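Counting starts at 1 for both ligands and their atoms, in listed order. What's counted below: heavy atoms across the whole structure, side chains too, no hydrogens, waters or symmetry copies. Quantities reported herein were computed from a predicted structural model and do not represent experimental measurements.
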Amino acid sequence: MKHIVVIGTGGTIASRWQGTGYAAEAAGGEVLAVSALPEGVEVTVRDLFTVNSSQLTTGHQLELLRTVHEVLADPSVDGVVITHGTDTMEESAFLLDLHHDDRRPVVFTGAQLPLDSVDGDAAGNLYDALLTAATGRDIGVVITFGGFVHAARGTLKAHTLDAQAFADPSGRPLGRVKFGEIAWARPRSRPEALPLPLPDAGARTPRVDVVMHHVDADPVLFEAALGAGARGIVLIGTGAGNATPEFADAVRRAVDAGVLVALSTRVAAGPVAAMYTGGGAVDLAEAGAVLAGTLRAGQARIAVLAALLTAESPEGRTAALRRIVDATAGREAAAAA
Ligand code: ASP
């Protein structure tokens, strides 16, 4: 038998009608009860939280990270499934993937329709996630959802309501689940895992904000993030990562003050690229922003957070962020080939 541990955290997959709207309520065992178990799989359930994922904090995510490592310390465990809200699944999955150093997989899943829907997607997604956890090896942390297995890195919630909720706009899925079997794409190499954050990291979680550029934008919100004590900021540029000369000045001031700045883009697919001056990515990079490759807002923010938790000095943090971005870019290139 394959022994899979299911960790419940809430989300729509655990949600029921509350009179005015849906909210997470069901324990992990109730969620699991909607799904059949793949043949040869036995399951232990561990309830961690019961929250909708838009309410998660870094403290929750670090607790989830530590719990997964604790579970995998048991050699009789063959894999882990995490039931999680879809809103921020890409953030938690990416954080766990950055620290994952194990041949056994960690599989995130959830649902677009609540647990009490008659035609919901919880049962199918859970079954596929258990299958992924029991049979996948060397795949890291993945999101199994809507019949596909996606690598955590680069994958994001791409549709608010559709059952096919997740996609990697710059890459391809790792696998396709059909008729109880997974057709795997070519294996991808795994980047080196980051060390686990110290046990007290949750108590001194650095603030990391996200600020978006748009027509007529000025850096007032960027400066407000600094004023609020941000240790990291993700600037979401237009196009291939562009803003204005005023933003470039603000980035330089932030970086000079020891703040880690990453540059991502509002565009759905493709990497940011240093092409334009006049406040474009050329100047933002020159001011000290780290180009976030294909990482979009949520995962770029997690990359900055992980770099801040991993290294002490501003130089060490910048180097850690660059390594995360480069490792992701390498995987995207391999996936697209
Ligand atoms: N709002 C829900 C959540 O992220 C959405 C979902 O789970 O699909 O918890």
Side-chain angles (χ1 to χ4, degrees), residues 6-35 45-65 67-68 80-97 106-130 132-133 141-169 173 177 208 210 268 296-302 305:
V6 175
I7 301 175
T9 72
T12 294
I13 196 167
S15 291
R16 295 197 187 100
W17 185 247
Q18 306 293 316
T20 52
Y22 290 97
E25 168 185 281
E30 290 176 87
V31 174
L32 188 69
V34 303
S35 169
V45 178
R46 183 151 170 182
D47 282 306
L48 199 58
F49 332 115
T50 312
V51 292
N52 287 96
S53 70
S54 59
Q55 296 170 45
L56 288 177
T57 62
T58 303
H60 285 114
Q61 290 179 317
L62 293 176
E63 194 177 338
L64 180 59
L65 174 64
T67 303
V68 166
V80 176
V81 169
I82 299 172
T83 56
H84 193 292
T86 57
D87 285 8
T88 61
M89 188 182 288
E90 70 213 46
E91 297 179 43
S92 299
F94 184 46
L95 179 68
L96 266 59
D97 192 56
V106 173
V107 184
F108 278 73
T109 198
Q112 286 282 57
L113 291 173
L115 189 63
D116 51 10
S117 332
V118 280
D119 58 347
D121 52 344
N125 283 343
L126 254 176
Y127 184 92
D128 291 351
L130 291 168
T132 310
V141 179
V142 300
I143 295 176
T144 296
F145 208 102
F148 286 94
V149 184
H150 300 278
R153 287 172 196 245
T155 294
L156 43 77
K157 187 168 184 182
H159 199 287
T160 51
L161 301 175
D162 203 280
Q164 199 58 257
F166 288 90
D168 176 349
V177 196
V208 182
V210 178
R296 293 307 187 263
Q299 293 196 342
R301 185 186 163 279
I302 291 293
L305 176 75

Salt-bridge contact D97-R153 (side-chain N to carboxylate O under 4.0 Å): yes

Neighbouring residues of ligand 1, heavy-atom cut-off under 4.0 Å: G11, T12, N52, S53, G85, T86, D87, A111, Q112

Residues E91, K157; criterion salt bridge (charged side-chain N to carboxylate O under 4.0 Å, His left out); working and verdict: CA-CA 10 Å; E91 297 179 43; K157 187 168 184 182; over 6 Å; no

Check against side chain to side chain donor-acceptor pair (under 3.5 Å), T132 and T144: CA-CA 7 Å; T132 310; T144 296; 3.1 Å; yes

Minimum heavy-atom distance between A26 and V31, given as atom pair plus value: CB-CG2, 4.1 Å

Proximity of H150 and F145 rings by center, below 6.0 Å: no

Under 3.5 Å side-chain donor-acceptor pair for S92 and H84: yes

